[in-house]
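The chains referred to below are lettered A, B, ... by the order of the sequence lines, with proteins before strands, and numbering in each begins at 1. The basis for the numbers below is simple: all heavy atoms, side chains too, and nothing from hydrogens, waters or symmetry mates.
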Amino acid sequence: MTDEMDLISELKGAEPLRPEAYQRARAVLRAAIAEPGTVRVLGATTTEDTTMGTTPVQDKGFTPAAQRRRKIGPAGRVGIGTGVGVAAAAAIALVITSSSTGGAVPAVAKAPAATSVGTATASAPTAGSPLVTLAARIKADTQSTGDAWLVMSTQVDGTKTMQVIYALYTDSGAIYTGDSVNGIKYAIAHHQDQMSSGGYAPLVKAAILAATSSPAQGRTTMLEAAGDPLVGLSPAAQKKVWDKEQAAAQVIIKEKGGKAKPQPYSARAVQRQSDNRVWAYSTEALSAGDGNTLVRQGVLRLLSTISGVSVAPSTTNGKSTLTITAGPEVFNGDGSEVLTIDAKTGMLVKDVSYTPGIPNAYTTYQSSRVTTAHL
Amino acid sequence: MDSDAELIGRSLKGDVDALVEVLDRHEVAVGSYLARRAGRDAAEDLLGEVWVAAFESRWSYDQSYPDARPWLYGVALNRLRHYWRSRPAEDPVPDMSGLATGWDPWSAVDSGMDTRAVLLPALTRLKPEEREVLRLVAWEDLTVADAARALGMPAGTARRLLHQARTALRTAPGVSALLKDRNNAKEAHR
């Protein structure tokens with residue numbers, strides 16, 4: 001016997017939520033728990049609150065955050081880029097008044113122009129570069145309390161909190177990640193050291209090597225770690241790979257109805273792409289290995305080699321910070337990315353990605369010294 | 001296994017993971033509830049807001065009830081009401097009966113009759129509070145008492161509303177004809 005309740009029940013079907021929606025909801029909750037009142041129900045998160053970035057995770061079904069870092073590929077990019085073969089390596093410094101610090105300071109320092117170093121072009125970090133200065137300073141920095149850094153990163157795309165990730169960086173060099181402190185404890189108990197098995201380990205290790213190597217070698221190592229197809233090749237071999245990539249890109253462009261033309265090979269085009277990739281891979285390594293002093297040192301040195309990157313002192317929540325801006329030339333004239341780092345430790349404070357036409361993506365980082373046994 | 005009430009009690013003493021465990025237990029049920037009421041896309045956005053609202057209002061949970069699911073439906077309904085109010089004027093709530101769009105539930109229907117078309121007008125004619133009780137009982141498999149908890153009303157009131165809703169549906173012209181056809185078809189198959 002069918003009754004009216006049976007009929008109503010027939011209408012109960014609903015399209016099931018996707019698994020990532022549950023994960024995102026948990027991330028929103030975690031963010032609210034971590035900072036009550038900061039997750040605004042039905043509200044927008046301001047760009048001042050948050051930043052964009054990635055942190056690798058591997059256990060318990062966690063996957064790395066979707067990335068908004070844009071790499072210049074072979075698909076029809078028209079870039080600016082600084083010229084290969086420019087011999088001068090002069091730092092350009094502007095003097096501006098920083099309202100946040102309240103005084104006239106050498107506020108904007110542009111990375112030196114690139115110099116040609118064989119097939120891997122790089123700018124030589126100068127002693128005056130704030131990034132290199134900071135890299136040298138944090139090298140000597142020793143922490144008196146605890147035995148690890150605990151970093152909580154909150155990633156937001158537009159107004160959606162995508163995920164909250166906890167990472168523990170021990171002073172001995174291990175990295176453990178999870179979606180909570182309990183997740184970190186789980187990772188420790190199961191020996192899931194990201195440095196030995198994490199997907200970002202090659203980039204993190206390359207950043208560590210860059211802390212002590214020459215700028216050119218640092219760039220080469222980072223590009224090799226990321227599997228860049230052009231690094232280390234002769235110009236003739238580079239051209240062959242370049243042309244092949246361009247041809248493959250044209251197939252995709254045509255399939256999508258695009259009109260971008262293939263970009264001819266040139267040392268300048270390679271340099272432009274190389275700068276973009278060094279930025280992308282280095283900042284990925286930084287967001288993955290932020291709590292490791294050597295990683296921060298190496299990344300700062302790597303970023304100092306990219307023309308199109310400027311550095312300015314700033315103040316964030318009362319703390320002295322450095323703002324590192326990768327301008328449009330790093331992204332083929334399309335958007336920018338701004339890192340804010342602690343001016344004393346070099347640790348990430350926030351990371352904002354600006355891309356025309358789409359909501360900003362941010363990640364905020366909160367760091368504290370902890371004792372692993374007391375977690 | 002600890003009850004939801006015990007876990008919420010622990011969360012009020014600082015063990016926030018205890019609340020997360022409660023929400024993990026009910027995420028599929030609450031997600032489905034939201035999807036039925038607002039469609040999948042909106043539900044995916046709303047679920048995190050429901051969790052935050054539950055976290056912020058956990059102090060109000062009556063720990064004499066071991067199962068938190070009815071309470072979570074109540075929290076979710078509040079978020080849905082905010083959501084519906086926030087929609088732009090040119091984008092009104094598309095379906096007064098609260099049926100989500102974008103999903104075809106008809107695979108379970110063995111009749112050629114358009115059940116949805118028959119039921120929608122009848123549902124629309126119900127009072128909003130009658131529809132809420134009806135949906136919680138018919139779709140979310142709550143008891144009338146639990147539906148009352150979710151809606152913050154006395155159980156007797158919920159019982160009365162459900163009775164009114166069922167009577168109105170049963171006697172609605174299209175529905176009564178549909179029920180007769182269904183039951184006649186069943187008799188014919190015996």
Side-chain angles (χ1 to χ4, degrees), chain A residues 1-45 60-61 154-164 166 178-186 359 375, chain B residues 16-17 19-20 23-24 27-28 31-37 39-40 43-56 79 82-83 86 97 99-100 102-109 115-116 118-119 122-123 134-135 137-140 165-167 169-170 172 175 178-179 182-183 186:
Chain A
M1 178 85 176
T2 300
D3 66 15
E4 65 282 356
M5 294 300 278
D6 297 321
L7 293 180
I8 295 295
S9 294
E10 289 177 7
L11 303 183
K12 73 182 284 186
E15 199 170 8
L17 272 59
R18 289 162 286 210
E20 57 266 31
Y22 293 113
Q23 186 181 340
R24 203 167 66 224
R26 284 193 289 269
V28 171
L29 174 66
R30 289 282 184 192
I33 290 171
E35 291 184 89
T38 59
V39 176
R40 297 173 187 80
V41 172
L42 284 178
T45 306
K60 298 168 80 173
T154 304
Q155 186 193 347
V156 177
D157 257 20
T159 58
K160 288 183 183 177
T161 299
M162 303 305 287
Q163 60 181 12
V164 179
Y166 290 77
D179 59 359
S180 62
V181 172
N182 279 343
I184 287 178
K185 288 197 270 190
Y186 176 93
L375 283 176
Chain B
V16 290
D17 282 343
L19 181 73
V20 174
L23 302 183
D24 282 351
E27 65 179 8
V28 173
S32 298
Y33 171 74
L34 292 169
R36 276 191 274 277
R37 303 303 304 277
R40 184 179 72 175
E44 291 183 344
D45 286 343
L46 287 168
L47 186 60
E49 295 177 9
V50 172
W51 288 168
V52 173
F55 168 68
E56 290 175 343
R79 297 319 311 166
H82 280 284
Y83 165 73
S86 71
S97 71
L99 294 171
W103 174 250
D104 178 8
W106 303 115
S107 58
V109 178
T115 309
R116 184 187 180 95
V118 169
L119 283 175
L123 282 169
L134 182 72
R135 278 189 289 247
V137 173
W139 289 357
E140 313 308 332
R166 293 188 65 168
T167 302
L169 278 178
R170 201 161 46 231
V175 178
L178 180 60
L179 283 171
R182 288 285 184 90
N183 289 319
K186 280 186 180 174

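The line from CG of B/L47 to CG of A/L17 is 6.5 Å long, rounded to the nearest 0.5 Å. Summarising the geometry, atom CG belonging to B/L169 is positioned 8.5 Å from atom CG belonging to A/L7; distances are rounded to the nearest 0.5 Å. The CZ atom of A/R26 sits 4.5 Å away from the CD atom of B/E27 when rounded to the nearest 0.5 Å. Taken to the nearest 0.5 Å, the CD1 atom of A/I8 stands 4.5 Å off from the CG atom of B/L119. For the atom pair CG (B/L134) and CE (A/M5), the distance works out to 5.0 Å, reported to the nearest 0.5 Å.
Taking every heavy atom of both residues into account, A/E4 and B/L179 meet most closely at N-CD2, 3.9 Å. Closest approach of A/R24 and B/E44 over heavy atoms only: NH2-O, 3.5 Å. The two residues B/S32 and A/A14 come nearest to each other via the heavy atoms O-CB, 4.2 Å.
Using a 4.0 Å cut-off between charged nitrogen and carboxylate oxygen, B/E140 and A/K12 do not count as a salt-bridge pair.
Neither the backbone nor the side chain of A/D6 comes within less than 4.5 Å of any heavy atom of chain B. Both the backbone and the side chain of B/V28 come within contact range of chain A, with heavy atoms under 4.5 Å apart.
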Walk me through it: do A/L11 and B/W139 pass the test side-chain contact (heavy atoms from CB on, under 4.5 Å)?
CA-CA 8 Å; A/L11 303 183; B/W139 289 357; 4.0 Å; yes
Given A/V28 and B/W51, is the side-chain contact (heavy atoms from CB on, under 4.5 Å) satisfied, shown in steps?
CA-CA 8 Å; A/V28 171; B/W51 288 168; over 6 Å; no
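Not one N or O on the side chain of A/E15 forms a donor-acceptor pair closer than 3.5 Å with the backbone of B/A35.
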